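Read the structure below first, then the notes.
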Amino acid sequence: MNNSVGTVTAQRATFDTPLAFRSGAVLPRYELAYETYGTLNSDKSNAILVCHALSGHHHVAGHYADDPKNTGWWDNMIGPGKPVDTGKFFVIGVNNLGGCHGSTGPSSIAPETGKPYGANFPVVTVEDWVESQARLADQIGIRQFAAVMGGSLGGMQAIQWSLSFPERVRHALVIAAAPHLTAENIAFNDVARNAILTDPDFHGGNFYEHGVVPRRGLRLARMLGHITYLSDDAMADKFGRSLRSGKLGYGYDIEFEIESYLRYQGDKFASYFDANTYLLMTKALDYFDPAREYNGNLDKAFLAAQADFLVVSFTTDWRFAPERSREIVNALLHNHRNVSYAEIASTHGHDSFLMPDQHYHEVMRSYLDRVAGDL
Amino acid sequence: MSAHDPIELAAARPDFAAIAAWIPQGASVLDLGCGDGSLLRYLKDTRKVRGYGVEISDSNIVACIRNGVNVIQGDLESGLSGFESNAFDFVLLSQTLQATRHTEPLVREMLRVGREGIVSFPNFGYWKNRMNVLRGNMPVSEALPYQWYDTPNVHLCTLHDFEDFCRDLDVTVLDRRVMTGSSEMKLLPNLLGSTAVYRFRRGA
């Protein structure tokens with residue numbers, strides 16, 4: 001594989017200090033799954049934390065020895081000679097708390113009961129994630145990150161890092177993100193949650209003990225989400241009105257290619273993702289709003305930030321539109337932060353942040369080259 | 001050779017030195033149509049300014065980032081709504097005025113966002129340009145390097161035109177430097193100067 005970090009191994013960190021959540025809940029003990037690429041330099045100044053979005057995880061780049069086809073979700077961005085150059089940076093990917101890829105989450109066994117947490121897993125916020133990630137950084141021995149970066153919900157974590165731990169972030173790379181969700185965003189999330197919550201196999205979140213999975217709900221949630229991550233143009237280009245069999249069937253079977261695609265994506269997702277994790281992730285998105293405790297004044301929310309920022313948006317992203325990124329940029333300008341902002345012309349909607357667009361990668365590369373130059 | 005060497009930059013772009021001469025150490029600067037960020041970089045190196053550029057072109061966004069200057073991708077023509085009033089000491093428009101469509105609202109916006117404005121532009125009244133027109137051709141020169149059919153310059157003007165424009169807009173010209181190459185033209189500037197740099201503020 002070209003410019004890949006190659007074979008990678010997931011690691012696991014255990015934390016025995018209780019973590020108090022924003023909700024008031026306390027998790028006495030938890031584990032985080034993570035991966036690292038590149039080499040930490042002697043003064044530990046070259047670390048980059050990559051935060052993941054709704055369905056992401058710690059497997060950001062490379063592949064596993066026993067599963068060579070399982071390539072990291074941001075492999076096009078991270079590797080030797082890539083925009084996030086692992087020849088220069090020590091990169092950390094972490095599965096967020098509440099996730100379903102190895103970190104403690106709803107499907108993990110609760111020590112008190114010997115059963116999966118299920119519905120009892122605390123509702124987790126972006127602030128809680130950042131707190132838990134900071135403890136991971138402590139354990140690895142990183143006092144300050146060269147950069148914290150992420151797209152979408154990952155970008156929100158990068159923002160939160162700059163606010164929760166201003167002195168621990170030199171650069172925040174906030175990609176396809178927003179300072180908070182709009183009512184429309186929350187509405188989409190709520191429909192997705194309702195699909196899961198009303199699935200008879202959900203059992204109030206404790207489906208594990210019934211030996212079932214709320215597959216239908218999860219599948220619908222993903223199908224809905226997937227529509228919002230694409231653009232009208234991208235869907236028209238890729239599928240148009242194409243029919244699978246070339247003719248109308250006058251029934252309710254899969255006829256249009258887009259139906260086939262969405263159901264396939266839904267099925268694939270429902271086969272590995274945890275329904276409770278999906279609920280938690282969408283809730284974390286809904287709750288994120290750093291301006292909330294400042295009466296909606298985002299300028300005041302960013303007062304604490306000390307990092308330099310790169311903010312990137314995509315023209316066809318209607319889920320987290322460029323105007324939302326401009327809100328972030330404006331708040332940073334008003335606080336005299338160093339900030340650069342690029343609005344990338346892209347046809348892929350919200351998903352653009354995962355695509356290997358040449359100009360987008362050039363923006364990332366040029367910024368990170370500067371970050372590396374200052375090491 | 002360093003592409004960002006201040007001395008080389010000043011030699012290549014004499015308006016840079018003229019602009020820098022008016023900007024005190026540590027000032028805050030917004031550079032509209034900042035191109036590859038050379039001017040901001042120059043002002044950062046020579047005047048320690050805190051600055052941002054606004055630029056529309058993708059390749060220039062990358063160039064600015066490589067130059068180590070803050071750049072916000074956006075279209076000047078749609079206004080400066082993201083910027084607060086009086087947010088900057090200086091708002092610059094270097095060799096861009098003549099290429100703006102909505103020139104008047106933009107100059108007003110400059111003086112809303114900044115305490116003072118600085119513009120540089122090619123003087124259409126420069127004698128060589130006049131000669132070209134007299135001979136029956138649109139001028140093509142170092143300061144005006146485009147053919148009539150591919151030029152981004154839609155609002156070319158002379159020194160007189162710009163000063164009339166300022167008067168009509170209730171804008172006070174504070175200072176002016178007119179240059180040809182790197183020499184300042186004090187005599188008959190509207191005829192002998194190829195590039196003009198103006199510093200101005202709101203109000204009569």
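We use all heavy atoms of the structure for the numbers below, so side chains are in, but hydrogens, waters and symmetry mates are not. Order of the sequence lines sets the chain letters (A, B, ...), proteins ahead of strands, with each chain counted from 1. All of these numbers come straight from a predicted model, not from anything done at the bench.
Residue B/I72 touches chain A through both its backbone and its side chain, counting heavy-atom pairs closer than 4.5 Å. Only the side chain of A/D369 comes within contact range of chain B, judged by heavy atoms closer than 4.5 Å.
Per-residue heavy-atom pair counts under 4.5 Å with chain B were compared for A/S340, A/A345, A/A342, and the maximum is reached by A/S340. Ranked by heavy-atom pairs under 4.5 Å with chain B, the first of A/S366, A/G373, A/S313 is A/S366. Among A/H336, A/E362, A/E327, A/R326, the residue with the largest count of heavy-atom pairs under 4.5 Å with chain B is A/H336.
The local environment of CD in A/Q358 is sparse, with at most 12 non-hydrogen atoms from other residues, nucleotides or ligands closer than 6.0 Å. Within 6.0 Å of the CG atom in B/D164, the count of heavy atoms belonging to other residues, nucleotides or ligands exceeds 12. Residue A/N295 qualifies as open at atom CG: its count of foreign heavy atoms under 6.0 Å is 12 or below.
The two atoms that bring A/V339 and B/Y52 nearest to each other are CG1-CE2, 3.8 Å, heavy atoms only. In terms of heavy-atom proximity, A/D299 sits nearest to B/E84 at OD2-OE2, 3.9 Å.
Residues A/R337 and B/N70 have side chains not in contact (no heavy-atom distance under 4.5 Å, counting atoms from C-beta outward).
For the atom pair CE of A/M364 and CD1 of B/I65, the computed distance is 9.5 Å after rounding to the nearest 0.5 Å.
The main-chain N or O of A/E343 is found under 3.5 Å from a side-chain atom of B/Q73 such that the two form a donor-acceptor pair.
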